Amino acid sequence: MTVRTIATTPFSDQKPGTSGLRKKVPVFQQPHYLENFVQSIFNSIGAPTGSTLVLGGDGRYYNREAIQIILKMAASNGFGRVLVGKGGILSTPAASCVIRKYKTFGGIILSASHNPGGPEGDFGIKYNVTNGGPAPEKVTEEIFARSKTIDEYRILEAADVALDQLGESRLGDMIVQVIDPVADYAELMESLFDFGAIRSLLAGGFRLRFDAMHAVTGPYAREIIEKRLGAATGSVMNAEPLPDFGNGHPDPNLTYAHELVEIVYGDNAPDFGAASDGDGDRNMILGKRFFVTPSDSLALLAANATLVPGYKNGLAGIARSMPTSAAADRVAQALGIPCFETPTGWKFFGNLMDAGKVTLCGEESFGTGSDHVREKDGLWAVLFWLNILAVRKQPVEAIMHEHWAKFGRNVYSRHDYEGLPTDAANGLMQHLHESFAELVGKQFGDYKVLFCDDFSYTDPVDGSVSTGQGVRIGFVDGSRIVFRLSGTGTEGATLRIYLEAFEPDISRHHLDAQQALASLIAIASEVSQLKARTGRDHPTVIT
Ligand code: G16
């Protein structure tokens, strides 16, 4: 086997977004495209010779081919061992778990998360650092810088590695160890949650449906929910991971997980419903005909954490992304613990967790997690809920209403406008920036604007500063509208409008969020000149 050094020229578009580099499959299939990016990762991370790397992906189209290329490049870049999930599979939280457990020199995860897959769909790649979390901005910037000057990459000339049986093989001087993608993760879950209590809940007739959306969590959920916890066979639906996710859009929200939503809102609805995304780090939680917003879910988990063995000693603190509602802040205040507000992106939580400042983290984008790994974790959130339900023995809706009665309700919704022309979306954001001075003090019906800004964050641990993280319009009564462009899309631009109003009045807690937020929705559209600039007056997705 010989190492070949291949001459190449840079691609100008290899800037990682909110979570790694995501592009259409045909972009990644261009000669040298994937190789350039992988070599840029290796060139910038400086792994000592003989280091171990974790490698796996969500099984989407091009996963297997990419794994073979990366293995051959790792073997010619000095790695001593690669732990690769069987069949090339590792969910994002499981990869984080394996990196931490075996103290590897980070890992490469192949996924475009919730974006659709298939030959014309999306593919993605990201590097996670040694703490198991997504690379921080200074690392992704370095990777991008290297990608702009790259002139060669190294790859071993060798036959493909067999990925479908467990065990070790050699690739040049490097060992490839094919591992069970589920085992380490399942063991970690058993150490955090009271599996006995959840087993009794399920044995007592509690019914659930978990929608794996033909993505990576199928094998994990079958093993944990059906096999170890004893849920009825078939409780996990769409459990077979498929390269094109069965032509679906593996985004666990009310629009794209409609099959599950119909079951949970239908006759004979189960007591609990949940879904996860392409790579298993997102979650959606549903009760019988009831949707729990991700912001409320974070607050509820925090308020009930001591009911769960892994968190019985309480929480050090909570962190949430800026557009996530302040429901968790109210819980933190009641518990007397700090609550941090970070930019969007799980990478911003890593330092806070490593420094022991926070235990739970969450984002409105269907992400919840804790310091057990350094990624958000879909199945973990589902098990956390099941553990709480097993202890409290009340329906999801009743638990949520009790929570609101105690803390008040942060009524919340996000409106997404997908596939906008990039110029129109940038123009809209620019217009908002230019309106700051004029907006402050302005009255819109019952709402008076208190402040406008573009969110920036100084990391309290390393002092790094991140600017331009989303336009905020804050009102005198504490309500908020936030505008942000998505950093994970691959087609045009996606505008996200986040709406939040605090409702202390218990007699209004049953109101539908869209109704309760109607005035703010109208204000958002007016101040951004939405219709005139985008031609749209209705969101693609409402959550
Ligand atoms: C990624 C990040 C999340 C972030 C989300 C936001 O999620 O890991 O931390 O909240 O993107 O996406 P956008 O920029 O589109 O609003 P995932 O699940 O896609 O990896």
Side-chain angles (χ1 to χ4, degrees), residues 15-23 57-58 60 91-93 95-96 109-117 121-128 132-137 140 213 215-217 245 249-253 256 275-284 294-295 297-298 319-325 341-350 352-353 361-369 373-381 414-420 425 429 455 457 466 468-471 482-498 539-541 543:
K15 185 175 169 58
T18 312
S19 187
L21 183 69
R22 292 183 189 170
K23 301 280 175 198
D58 63 11
R60 67 178 59 226
S91 77
T92 289
S96 185
I109 304 175
L110 305 175
S111 173
S113 186
H114 54 288
N115 296 359
D122 288 356
F123 188 75
I125 172 168
K126 66 173 176 170
Y127 174 67
N128 277 32
E137 276 185 339
T140 54
M213 305 190 84
V216 80
T217 40
F245 308 115
H249 191 147
D251 196 354
N253 60 37
Y256 295 124
S276 192
D277 70 329
D279 61 333
D281 57 2
R282 297 187 174 206
N283 74 89
M284 174 169 70
S295 296
S297 180
L298 172 66
R320 63 162 175 87
S321 65
M322 179 275 282
T324 303
S325 93
E341 185 179 39
T342 63
T344 295
W346 206 262
K347 59 192 172 205
F348 293 102
F349 296 138
L352 296 170
M353 288 191 270
C361 304
E363 295 185 284
E364 49 62 41
S365 57
F366 296 82
T368 336
V373 290
R374 291 294 182 275
E375 284 279 4
K376 56 191 188 278
D377 190 343
L379 257 180
W380 168 91
R414 184 177 104 183
H415 288 194
D416 294 338
Y417 292 82
E418 296 179 348
L420 297 178
M429 293 302 285
F455 181 64
Y457 176 68
S466 305
Q469 298 292 330
V471 166
V482 175
F483 296 85
R484 226 190 115 248
L485 296 183
S486 158
T488 59
T490 59
E491 235 173 81
T494 294
L495 171 69
R496 306 205 193 283
I497 304 181
Y498 311 81
T540 325
V541 177
T543 46

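As the structure is a computational prediction, the values presented were derived from the model and not from experiment. Whatever order the structure lists them in is the order used to number ligands and atoms, beginning at 1.
- Put simply, part of Arg484 is less than 4.0 Å from ligand 1, judged by heavy atoms.
- Contact detail for Met429 and Phe483: the closest heavy-atom pair is CE-O, 3.5 Å.
- Contact analysis puts Gly345 in contact with ligand 1, with a non-hydrogen atom separation below 4.0 angstrom.
- Only the side chain of Ser113 comes within 4.0 Å of ligand 1, counting heavy atoms alone; its backbone N, CA, C and O stay farther away.
- With a 4.0 Å heavy-atom cut-off, ligand 1 is reached by the side chain of Thr344 but not by its N, CA, C or O.
- For the pair Pro343 and Phe455, the minimum side-chain heavy-atom distance is below 4.5 Å.
- The proximity of Asp281 to ligand 1, defined as any non-hydrogen pair under 4.0 Å, is limited to the side chain.
- Shortest contact from atom 20 (O) of ligand 1 to any protein heavy atom: Arg22 NH2, 2.9 Å.
- Residue contacts with ligand 1, taken as heavy atom pairs separated by less than 4.0 Å, do not involve Glu364 at all.
- Looking at Arg496 against ligand 1, only its side chain comes within 4.0 Å, counting heavy atoms.
- The closest protein non-hydrogen atom to atom 11 (O) of ligand 1 is Thr488 CG2, 3.3 Å.
- Counting protein heavy atoms only, atom 5 (C) of ligand 1 is closest to Arg282 NH2, 3.7 Å.
- Minimum interatomic distance between Asp281 and Ser276 (heavy atoms only, all atoms of both residues): N-OG, 4.2 Å.
- Of the N or O atoms in Gly487, one or more lie within a sub-3.5 Å distance of an N or O in ligand 1.
- Pairing each heavy atom of Arg22 with each of Ser111, the nearest pair is NE-O, 4.0 Å.
- In this structure, the side chains of Arg414 and Ser365 come closer than 4.5 Å at one or more pairs of heavy atoms.
- Where the criterion is an N or O separation shorter than 3.5 Å, residue side chain and backbone included, Tyr498 fails it with respect to ligand 1.
- Residue Ser365 approaches ligand 1 through these ligand atoms, each under 4.0 Å from one of its heavy atoms: 4 (C), 5 (C), 10 (O).
- Here the closest non-hydrogen pair linking Trp346 and Arg374 is CD1-O, 3.4 Å.
- Within the structure, ligand 1 lacks Lys126 among the residues with a heavy atom less than 4.0 angstrom away.
- The aromatic rings of Tyr457 and Phe348 sit perpendicular, their planes meeting at an angle over 60°, well past the 30° parallel limit.
- Scanning all protein heavy atoms for the shortest distance to atom 2 (C) of ligand 1 gives Lys376 NZ, 3.5 Å.
- Shortest non-hydrogen contact noted between Arg282 and Asp277 is N-OD1, 3.0 Å.
- Residues Arg320 and Glu341 are in side-chain contact: their nearest non-hydrogen atoms beyond the backbone lie under 4.5 Å apart.
- Side-chain N or O atoms of Ser325 include none that pairs as donor or acceptor with a backbone N or O of Ser295 at under 3.5 Å.
- In terms of protein heavy-atom proximity, atom 9 (O) of ligand 1 is closest to Glu363 OE1, 2.5 Å.
- Ligand 1 has no N or O atom lying under 3.5 Å from any N or O atom of Arg414, backbone or side chain.
- Between Thr324 and Glu364, the shortest heavy-atom distance links the atoms OG1-N, 2.8 Å.
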